[in-house]
Amino acid sequence: MAQRCPGELTGRVALVTGSTDGIGLAVARNLASQGCAIMLNGFGDPEAIASLCNEFATKYAVSVGHAGADLRQEDEASDLVKQVVHQFGQLDILVNNAGTQHKGPIEEHPPSRWREVLALNLDAPFHLIRTALPGMRANNWGRIVNIASVYGLAGGVDRSSYVASKHGLIGLTKAVALETATSPITCNAVCPGDVSTRIFYRSAKLLADQEQITRVEAQQRIAAINMPSGRVVSPEQVAALAVFLCSEAAAEIHGAALPVDGAWLAR
Ligand code: NAD
């Protein structure tokens with residue numbers, strides 16, 4: 001099996017959706033460290049985004065752009081691929097990461113929020129994949145990585161739209177993997193458990209203040225709720241798996257839904 005070496009992805013162009021923060025930013029940083037040109041996407045303070053682009057250009061010496069497309073909108077999702085190709089000449093790696101969720105029982109789930117969750121978590125990957133694939137086929141190479149969730153493989157209480165969208169995303173992953181199986185294009189999903197993004201640290205701080213415990217104790221308590229490991233996964237650990245799926249070593253992995261979940265799904 002070929003070993004992934006630094007710079008293996010030099011010359012490739014990647015679009016990572018929802019990459020101004022969290023898991024998406026970790027994936028974009030890892031891809032850039034492998035030599036990929038990067039189109040960032042996501043919301044945020046314009047100055048912070050400009051300094052992020054500057055960081056990519058100086059630290060990794062790669063071409064970088066940012067597109068603020070709101071991927072809940074069908075036309076913005078479809079146009080994003082055209083924008084990447086216009087700016088960088090091609091699109092080799094598509095990481096569908098942007099996602100949202102709504103918590104609450106299904107009887108109280110506003111239909112408008114259901115539409116929004118499905119639009120971002122499932123419709124956007126559909127539109128991005130269908131517009132990116134012709135170029136990948138023409139270049140005879142491509143990697144599609146969908147950031148799903150453990151909730152794409154198992155149910156969960158009070159998150160019906162999230163569970164439905166992530167199960168749908170894994171179904172889409174398998175369907176696209178079969179349609180591309182004979183070509184050097186792969187499509188796979190990564191299924192994280194609880195990840196230490198900004199929201200996790202905010203929740204831990206809140207719990208620490210409420211219970212008069214240390215932040216570390218609060219983090220451990222939150223992690224222990226779902227994760228048999230007792231630890232949350234870091235964004236960098238999710239990113240490492242996503243980027244491995246982009247390597248030549250992963251060329252024959254098609255349609256997989258790989259957990260990074262501290263044994264959540266092993267129970
Ligand atoms: P985050 O909230 O930290 O970051 C989300 C990113 O998406 C940001 O860059 C934001 O600006 C962008 N975004 C939000 N709405 C958007 C829109 N309409 N159009 C374009 N971009 C938009 O998210 P995260 O926690 O890093 O999660 C990333 C992915 O990983 C999601 O698909 C999520 O479902 C999945 N996931 C997260 C966890 C976790 O514990 N954080 C666990 C399992 C799966």
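Please read all numbers here as calculations on a predicted model, not as lab measurements. Note that ligands are numbered from 1 as they come in the structure, with each ligand's atoms numbered from 1 the same way. Atom set for the values below is all heavy atoms of this structure, side chains included, hydrogens, waters and symmetry mates excluded.
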Exercise. So which residues, sorted by chain and number, lie with a heavy atom under 4.0 Å of ligand 1?
Worked result: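 The answer is Gly18, Ser19, Thr20, Asp21, Gly22, Ile23, Asn41, Gly42, Phe43, Ala69, Asp70, Leu71, Arg72, Asn97, Ala98, Gly99, Leu120, Ile147, Ala148, Ser149, Tyr162, Lys166, Pro192, Gly193, Asp194, Val195, Thr197, counting any residue whose heavy atom sits under 4.0 Å from ligand 1.
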
For this session: Could you name each residue pair satisfying ring pair (Phe, Tyr, Trp, His ring centres under 6.0 Å) that touches residues 207-238, not counting sequence neighbours?
Result: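 Ring pair (Phe, Tyr, Trp, His ring centres under 6.0 Å) check on residues 207-238 returns no pairs.
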
Exercise. So does Arg130 have more than 12 non-hydrogen atoms from other groups sitting under 6.0 Å from CZ?
Worked result: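 For Arg130, atom CZ is crowded (more than 12 foreign heavy atoms under 6.0 Å).
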
Problem set entry | Test applied, side chain to side chain donor-acceptor pair (under 3.5 Å); reference residue, Tyr151; option that passes from Gln101, Arg159, Lys166 |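 Going through Gln101, Arg159, Lys166 one by one, the side chain to side chain donor-acceptor pair (under 3.5 Å) with Tyr151 is satisfied by Arg159 alone.
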
Let me have the donor-acceptor pairs involving side chains of residues 250-267, under 3.5 Å, with sequence neighbours excluded, atom names and distances please.
{"from": "Glu252", "atom 1": "OE1", "to": "His254", "atom 2": "NE2", "distance (Å)": "3.2"}
{"from": "His254", "atom 1": "NE2", "to": "Ala251", "atom 2": "O", "distance (Å)": "3.3"}
{"from": "Asp261", "atom 1": "OD1", "to": "Ala263", "atom 2": "N", "distance (Å)": "3.2"}
{"from": "Asp261", "atom 1": "OD2", "to": "Trp264", "atom 2": "N", "distance (Å)": "3.4"}
{"from": "Asp261", "atom 1": "OD2", "to": "Leu265", "atom 2": "N", "distance (Å)": "2.8"}
{"from": "Arg267", "atom 1": "NE", "to": "Trp264", "atom 2": "O", "distance (Å)": "3.0"}
{"from": "Arg267", "atom 1": "NH2", "to": "Asn226", "atom 2": "O", "distance (Å)": "3.3"}
{"from": "Arg267", "atom 1": "NH2", "to": "Trp264", "atom 2": "O", "distance (Å)": "3.2"}

Which atom pairs, donor and acceptor, lie under 3.5 Å between side-chain atoms of residues 44-54 and protein residues at least two apart or in another chain?
{"from": "Asp45", "atom 1": "OD2", "to": "Ala48", "atom 2": "N", "distance (Å)": "3.1"}
{"from": "Ser51", "atom 1": "OG", "to": "Ala48", "atom 2": "O", "distance (Å)": "3.4"}

For this session: Taking atom types as modelled, find out whether Thr17 and Asn97 have a side-chain donor-acceptor pair closer than 3.5 angstrom.
Result: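 Per modelled atom types, Thr17 and Asn97 side chains form no pair under 3.5 Å.
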
